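Nothing here was measured: the structure is a model prediction, and the numbers come from that model.
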Amino acid sequence: MAPSPAPSPLPAHSPAAAVPAAPARRRAAGRRLRPPRLLAGLLAALLTAALAACGGSSDGGAVGEAAISPTATATPREVPTDKPGGTLRIVAESMPTGDPGWADTTGDRVIARLLTRQLYSYPADRDVAGAVIPRPDLAVGAPTVTENGTVYTVRLRSAAKWDTTPPRRITASDVARGIKRLCLPPNPSPMRGYFSATVVGFNDYCTQLFTMPVEQAQQFIESESPEGIQVINDIDIAFKLIAPVNDFVDILALPAASPVPFEALRQPPDSPQFLANLVSDGPYRITSVADGVYRLSRNPGSNGSIDPLRRALPDHVEIRTGIDAATAQQMIEAGEADMALDAAVPADRARELALAADPRLRVAEQTGSTLLLAVGFNGPSAAALRELSVREALTYCVDRAAVATALGSPLLARPTTQLLQPTMTGYTELDPFPTTPADAGDPARCAAGLAETPGGPVTALTLLTTDSPRDAAVADALVAAFGRAGVRLDVRALSPVDFAAAAVSPVAQTWDLALTTITPLWFGDAGRTVFQPLLDDLWVGARPVDGGYRSTEVPGLLAAALRASDETVAAANWAELERTVLTDVAVIPLAVVTEAHYHSQTVLSWIDIPSLGTGDPTGMALGPA
């Protein structure tokens with residue numbers, strides 16, 4: 001199989017009726033991408049840290065930031081990266097349901113990459129600046145944008161088909177169905193908020209669908225549509241937006257925007273039944289299931305001319321379930337598996353592999369999840385925390401370097417003082433409350449600020465976390481840092497389900513600080529996926545936290561950033577929004593956290609897709625070379 005040509009990117013902020021003839025790189029306005037760093041830099045940093053832990057170092061000082069490299073991507077020799085054939089062996093704790101509308105984890109998204117398609121999607125591009133720009137997938141090109149930016153019309157490839165007998169063409173009705181079903185009860189899609197916030201009538205439609213009897217839902221989806229989704233004919237679909245936005249193509253690139261066939265409505269969403277009856281339109285299809293092993297084979301109806309983004313290099317993909325993270329790592333290192341679906345390399349083992357300069361260890365360098373503290377405006381210490389001077393003092397209480405160390409720095413975490421990441425529009429280095437040395441905090445300044453409060457000194461705060469080992473390690477670092485300022489942190493660790501409920505209930509708030517994570521769903525024009533679920537009190541869907549922060553400025557800044565048609569203006573707006581939120585100390589960013597992945601020697605090519613969270617399984621050439 002010959003490799004597919006790279007598709008052209010969509011022009012930033014100016015959708016056109018046709019895709020440019022030649023690939024173009026988005027200019028770096030507002031995005032300062034760090035240059036790649038070699039494994040040698042990381043190895044030096046880890047060795048220096050190891051020496052320091054033993055009581056000495058090569059220069060008697062702290063490890064410098066320039067010496068730290070969070071990636072291990074050196075290739076020891078030239079290998080064929082476009083070799084087709086073989087079976088990619090994946091191990092997993094469990095098999096996702098395969099429902100793209102609910103694909104909100106790395107494992108879910110990998111399965112979606114194998115079995116489904118979207119109107120737009122992201123390429124496997126070694127240049128991260130190209131990998132964060134959505135390209136036409138089922139769409140023949142960029143959308144036609146009319147009505148002053150409020151109507152997007154997309155034409156589908158007429159040759160794309162479902163894996164049915166006989167093969168059936170994918171139509172605009174299938175696209176509409178996939179989006180409309182996101183609000184099916186009992187557990188609507190966590191990603192439905194992106195359509196409720198942008199598409200005319202979708203929120204009301206969502207409410208109707210969610211509240212009606214399940215037995216009536218199928219007929220309602222097939223017969224009714226929100227005003228903002230119009231099926232024009234079999235190959236054309238139009239979306240009417242509430243207001244012009246510059247990221248709607250990114251929203252259409254979410255797995256949640258995948259078309260689904262009418263057969264899917266017969267199964268409960270996000271369920272084992274959905275998986276058992278899944279009809280593929282992706283590069284692979286499920287051909288057998290036995291003893292917890294799922295075997296996927298190339299979809300005969302898919303090829304490079306129909307699907308320009310997924311190369312489908314392996315002949316087959318085998319997913320073996322029931323394998324925990326530790327066993328998965330052992331199997332991959334022993335050559336019994338090629339990659340893990342839903343497990344990262346354990347932190348201690350990742351560190352050992354980095355020290356050994358193992359080129360099969362993969363860590364994303366420029367993207368990740370942001371760990372932060374949200375400030376509670378309605379909790380036990382609300383009277384003090386509503387004072388800006390008190391919240392400013394909190395920023396000096398945290399020791400980001402210690403938090404990053406608890407998370408596996410420098411390999412798996414790096415301190416951060418902001419929410420936007422280097423690949424995102426609007427990113428520029430920002431630290432509103434700097435300390436010397438950087439990231440270490442200032443206990444004296446913290447103590448002084450918390451002592452000068454209207455209701456008396458703040459001597460104790462309640463910290464809400466999950467009961468995960470990671471959060472426990474971070475909580476220990478925070479307790480120690482606040483303790484140096486004379487402040488006791490009382491940690492309240494809850495199960496993930498209970499945390500999710502407590503963290504987004506500002507009226508019944510029982511905490512002062514909450515430890516939470518923002519995991520962007522995309523990484524280019526990504527301001528919405530960072531800020532809107534965090535700050536919009538009308539947001540529908542999953543939220544990382546709601547501390548009760550309300551600002552008269554934020555809604556206008558968010559709207560201006562989303563509606564800017566010029567990238568320079570959009571970048572300035574996102575930067576101003578970030579500056580406002582951080583100087584108001586609504587949240588305190590702590591660290592950008594990444595996961596380590598590992599592959600077998602059989603895998604000859606590995607390209608991370610930031611929105612996927614791991615390497616593209618469809619583009620893996622398999623050895624021996």
Side-chain angles (χ1 to χ4, degrees), residues 86-118 121-125 131 137 189-191 253-258 270 274-275 278 280-287 289 292-299 302 307 309-325 328-329 331-332 337-345 362-364 367-369 519-523 594-600 602-603 605-622:
T87 298
L88 179 67
R89 302 162 300 167
I90 301 176
V91 285
E93 180 76 36
S94 61
M95 183 70 172
T97 67
D99 192 332
W102 279 253
D104 62 346
T105 70
T106 295
D108 293 334
R109 292 189 289 266
V110 169
I111 296 302
R113 183 79 174 179
L114 291 164
L115 298 175
T116 72
R117 295 180 64 186
Q118 297 75 46
S121 194
Y122 298 93
D125 192 330
D137 186 355
S189 168
M191 290 168 284
L254 289 170
S258 301
D270 196 30
F274 185 95
L275 179 65
L278 190 150
S280 171
D281 64 334
Y284 295 90
R285 59 177 179 170
I286 299 173
T287 54
V289 182
V293 178
Y294 294 76
R295 187 169 178 83
L296 283 60
S297 299
R298 280 204 196 104
N299 185 343
S302 179
D307 185 347
L309 298 178
R310 302 163 188 82
R311 303 176 72 186
L313 291 180
D315 289 334
H316 308 282
V317 178
E318 179 184 277
I319 304 172
R320 183 174 301 275
T321 62
I323 310 297
D324 61 51
Q329 183 63 26
M331 292 178 67
I332 297 169
D338 297 316
M339 65 176 288
L341 177 71
D342 53 5
V345 180
R362 305 285 175 160
V363 182
T367 57
S369 299
T519 301
L521 296 185
W522 63 88
F523 287 89
T594 57
E595 290 186 337
H597 298 281
Y598 192 76
H599 61 78
S600 71
T602 302
V603 175
S605 60
W606 176 290
I607 303 177
D608 277 304
I609 299 179
S611 60
L612 196 63
T614 188
D616 177 14
T618 72
M620 292 187 183
L622 303 175

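- The side-chain contact (heavy atoms from CB on, under 4.5 Å) check on D324 picks up E93, A326, T327, with sequence neighbours excluded.
- The heavy-atom pair separating T614 from D608 by the smallest distance is C-OD1, 3.1 Å.
- Checked by atom type and distance alone, the side chain of T321 never pairs as donor or acceptor with a backbone atom of M95 at under 3.5 Å.
- With sequence neighbours excluded, the residues satisfying ring-ring contact (aromatic ring centres under 6.0 Å, His included) with W606 are H599.
- Counting all heavy atoms, side chain and backbone alike, H316 lies closest to S297 at ND1-OG, 2.9 Å.
- V91 and A337 get closest at one heavy-atom pair: CG1-CB, 3.7 Å.
- If you take CD1 on I607 and CG on D616, they are separated by 7.5 Å, rounding to the nearest 0.5 Å.
- Taking the side-chain contact (heavy atoms from CB on, under 4.5 Å) definition, one finds that S600 meets it with R89, I332, D338, T602, V603, sequence neighbours left out.
- The backbone N or O of V363 sits nowhere less than 3.5 Å from a side-chain atom of T594 that would complete a donor-acceptor pair.
- Across all non-hydrogen atoms, the minimal contact from G619 to S605 is O-OG, 3.1 Å.
- Within the model, atoms CD1 of I323 and CD1 of I90 stand 13.0 Å from one another, a figure rounded to the nearest 0.5 Å.
- Judged by distance alone, the side chain of N299 and the main-chain N or O of G282 form a donor-acceptor pair under 3.5 Å.
- The side-chain heavy atoms of Y284 and R298, taken from C-beta on, include a pair separated by under 4.5 Å.
- Between the S280 side chain and the L115 main chain, a donor and an acceptor come within less than 3.5 Å of each other.
- Between L114 and P617, some side-chain heavy-atom pair lies under the 4.5 Å cut-off.
- Smallest separation of non-hydrogen atoms from Y122 and A253: CE1-CB, 3.7 Å.
- By the 4.5 Å heavy-atom criterion applied to side chains, I609 and R109 are not counted as neighbours.
- Side-chain contact between V289 and L275 is absent, with no heavy-atom pair separated by less than 4.5 Å.
- You'll find the side chain of Y294 stays beyond 4.5 Å of the side chain of V317, heavy atoms only.
- For T106, there are no side-chain hydrogen bond (donor to acceptor under 3.5 Å, both in side chains) partners at least two apart in sequence or on another chain.
- D108 is linked by a side-chain contact (heavy atoms from CB on, under 4.5 Å) to P96, A103, D104, T105, counting only residues two or more places apart in sequence or in another chain.
- At a threshold of 4.5 Å between non-hydrogen side-chain atoms, the residues L622 and L313 do not count as touching.
- Interatomic distance, R320 CZ to R295 CZ, rounded to the nearest 0.5 Å: 11.0 Å.
- Here D137 pairs with R117, Q118, S121, D307, L309, R310 under the side-chain contact (heavy atoms from CB on, under 4.5 Å) rule; sequence neighbours left out.
- Checked by atom type and distance alone, the side chain of H597 pairs as donor or acceptor with a backbone atom of G613 at under 3.5 Å.
- F274 approaches G98 most closely through the heavy-atom pair CE2-O, 3.4 Å.
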>> Let's go through L278 and T116 carefully: what are the C-alpha distance in whole Å and the side-chain angles of both, what is the deciding distance for side chain to side chain contact (heavy atoms under 4.5 Å, CB included) to 0.1 Å, and is it a yes or a no?
In response: CA-CA 10 Å; L278 190 150; T116 72; 5.5 Å; no
